Amino acid sequence: MPLPYLQDLRHCAGHDLDGPLAHTRPALQRLKAAKGKGEYAFLDQPDRTDDLAAIEAAAARLRKFGAIVLLGTGGSSLGARTLAALVDGGAGFWPKGTPRLVVAENVDPFGFGKMLDTLDPADTGLLAVSKSGGTGETLAQMHAILPWLEKAGPLSARACAITEPTDNALSRLAGRHAIPILEHPPTLGGRYSVLSIVGLLPAAILGLDIRALRAGAAMARDAALDDPATSLPAHGAALAAALVHKGKRTTVLCPYVDALAPFGQWFAQLWAESLGKGGEGTTPIRALGTVDQHSQLQLWLDGPADKLITIVARDSRDAGPRFAADMLADGALDWLAGRTMGDLLDVSWRATAETLARHGRPVRILTIRTLDETTLGALLMHFMLETVIAADLFGVEPYHQPAVEDGKKLARAYMKGMGAKADNG
Ligand code: PA5
């Protein structure tokens, strides 16, 4: 079966990839040798079947609610958001009969309050996800929502927690409320967890084909590791490294697909948190075509020449509403007459890519025939591999994020200080 996506580096031809590409070989060999051995847990998720029964049973239990609130942040929420966009198009257009996934990542009291005001606890299920079981935001949300949800009945029937099998704050809280706990694979990092129960349980609740997601990922992984000369993620990582040598330290991901907008958020976290270490890394920018043609494109074309722009485009020719032939009569619109909205999207990304190339800006184009579970699984695996191969080229460890701990410690200290002030006041 052919890969469900293609990578076109035609507009990057001026950047010599051969050197960095040769340096991707050790990483590819290591990943290939590790496959199936549990050493890099994200690599082995696509082949798992042992967790499917538990995922499907929990999904069946939660699917009967009209809305599912997912509490989690970073790697514990962005994968679910990305997969859910296959159902709601990334813009909240939920089909009738499918539960609405409401992802609550933040602790903005105004947004959180509004969410609770618009939901009916009797028709709401809860999924709390935290690998460590100790993330302050997720635990705070959980404490805030449980009394509200408990009014509607026992939590054992309407809630579920995913966390690693340790004695942690989330598992203790879930235990106190008889909330079933499902296991977060202990060796799998949050931002690499989308193809585990972390992404697949929300996906299964929404009725997505979780086996196809894994099959697409397996296909992309095997193609990437089997032949270093044609490995698409290795070429992507080599391109990033080649551009860093030329001072290009910003990477823009611009899908021309609404349903891939959350994919951009997922990618930004993966890339930033995995690579931004010891002065290394490149800065991810999320964008959406055609919208950002009217927002950021001017900067990409004529601002600092420090960017790689990756366009992701789906075949959209002939798709969607066809514009009326009488538009011909209006000189300003005659170029649209008789064409479709999909044609407009198609020429837009092609014209943008070509214009960027003419301005000497490197553009990579990923094309997909269709956006379904197989394709999305393949794209997710592509970028996880590209990230860890790039980490090897940059000489950084992609699976931890030590620098963010300092801010967390300081926030706790501030909070304690606030408590003392309130007591005295
Ligand atoms: O990728 C990561 O490891 C992080 O972004 C985590 O996913 C995020 O900090 C949330 O952590 P946890 O799942 O432990 O609550």
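Every value quoted in this text rests on a predicted model; they were computed, and no experiment measured them. Both counts, for ligands and for their atoms, begin at 1 and track the order of listing.
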Heavy-atom distances under 4.0 Å are what count here, so tell me which part of His184 touches ligand 1: side chain, backbone, both or neither.
neither

When Thr352, Asp346, Thr290 are each screened for side chain to side chain donor-acceptor pair (under 3.5 Å) with Tyr256, the one that passes is Thr352

Closest protein heavy atom (residue, atom, distance) for atom 10 (C) of ligand 1:
Thr73 O, 3.3 Å

Counting from 1, what ligand 1 atoms have a heavy atom of Arg191 closer than 4.0 Å?
1 (O), 2 (C), 3 (O)

Around atom 4 (C) of ligand 1, find the nearest protein heavy atom and jot down its residue, atom name and distance.
Glu273 OE1, 3.4 Å

Ranked by distance from atom 13 (O) of ligand 1, the top protein heavy atom is Ser76 OG, 2.6 Å

Short N/O distance, under 3.5 Å, between Lys408 and ligand 1?
no

Side chain proximity check, Thr355 to Leu301, heavy atoms < 4.5 angstrom
yes

Pairing residues for Arg214 by the side-chain hydrogen bond (donor to acceptor under 3.5 Å, both in side chains) criterion, not counting sequence neighbours:
Asp51

Report the C-alpha distance between Gln265 and Arg286 in whole Å, list the side-chain angles of each, state the deciding distance to 0.1 Å, and finish with yes or no for side chain to side chain donor-acceptor pair (under 3.5 Å).
CA-CA 7 Å; Gln265 284 180 283; Arg286 306 188 304 245; 5.7 Å; no

Answer yes if the side chains of His177 and Glu150 hold a donor-acceptor pair under 3.5 Å, and no otherwise.
yes

Going from CG on Asp88 to OG1 on Thr98, what distance comes out if it is rounded to the nearest 0.5 angstrom?
10.0 Å

Gln401 heavy atoms within 4.0 Å reach ligand 1 at atoms 3 (O)

Can you say whether the rings of Tyr399 and Tyr192 are parallel (under 30°), tilted (30 to 60°) or perpendicular (over 60°)?
tilted

Can you sort out which atoms of ligand 1 are near Ser130, meaning under 4.0 Å from one of its heavy atoms?
12 (P), 13 (O), 14 (O), 15 (O)

How close does the nearest protein non-hydrogen atom get to atom 7 (O) of ligand 1, and which residue and atom is it?
Gly75 N, 2.9 Å

Got the closest protein heavy atom to atom 11 (O) of ligand 1, with its distance?
Thr135 OG1, 3.4 Å

Should you measure from each heavy atom of Gln269, which atoms of ligand 1 turn up under 4.0 Å away?
1 (O), 2 (C), 4 (C), 5 (O)

Protein residue, atom and distance nearest to atom 14 (O) of ligand 1, heavy-atom basis
Ser132 OG, 2.6 Å

Taking distance alone, with N or O pairs closer than 3.5 Å, would you say Thr138 contacts ligand 1?
no

Given Ile365, which of Leu9, Thr310, Asp8, Val312 fulfils the side chain to side chain contact (heavy atoms under 4.5 Å, CB included) condition?
Asp8

Suppose we screen for salt bridge (Lys or Arg N to Asp or Glu O under 4.0 Å). Which residues come up paired with Lys408, at least two apart in sequence or across chains?
Glu405

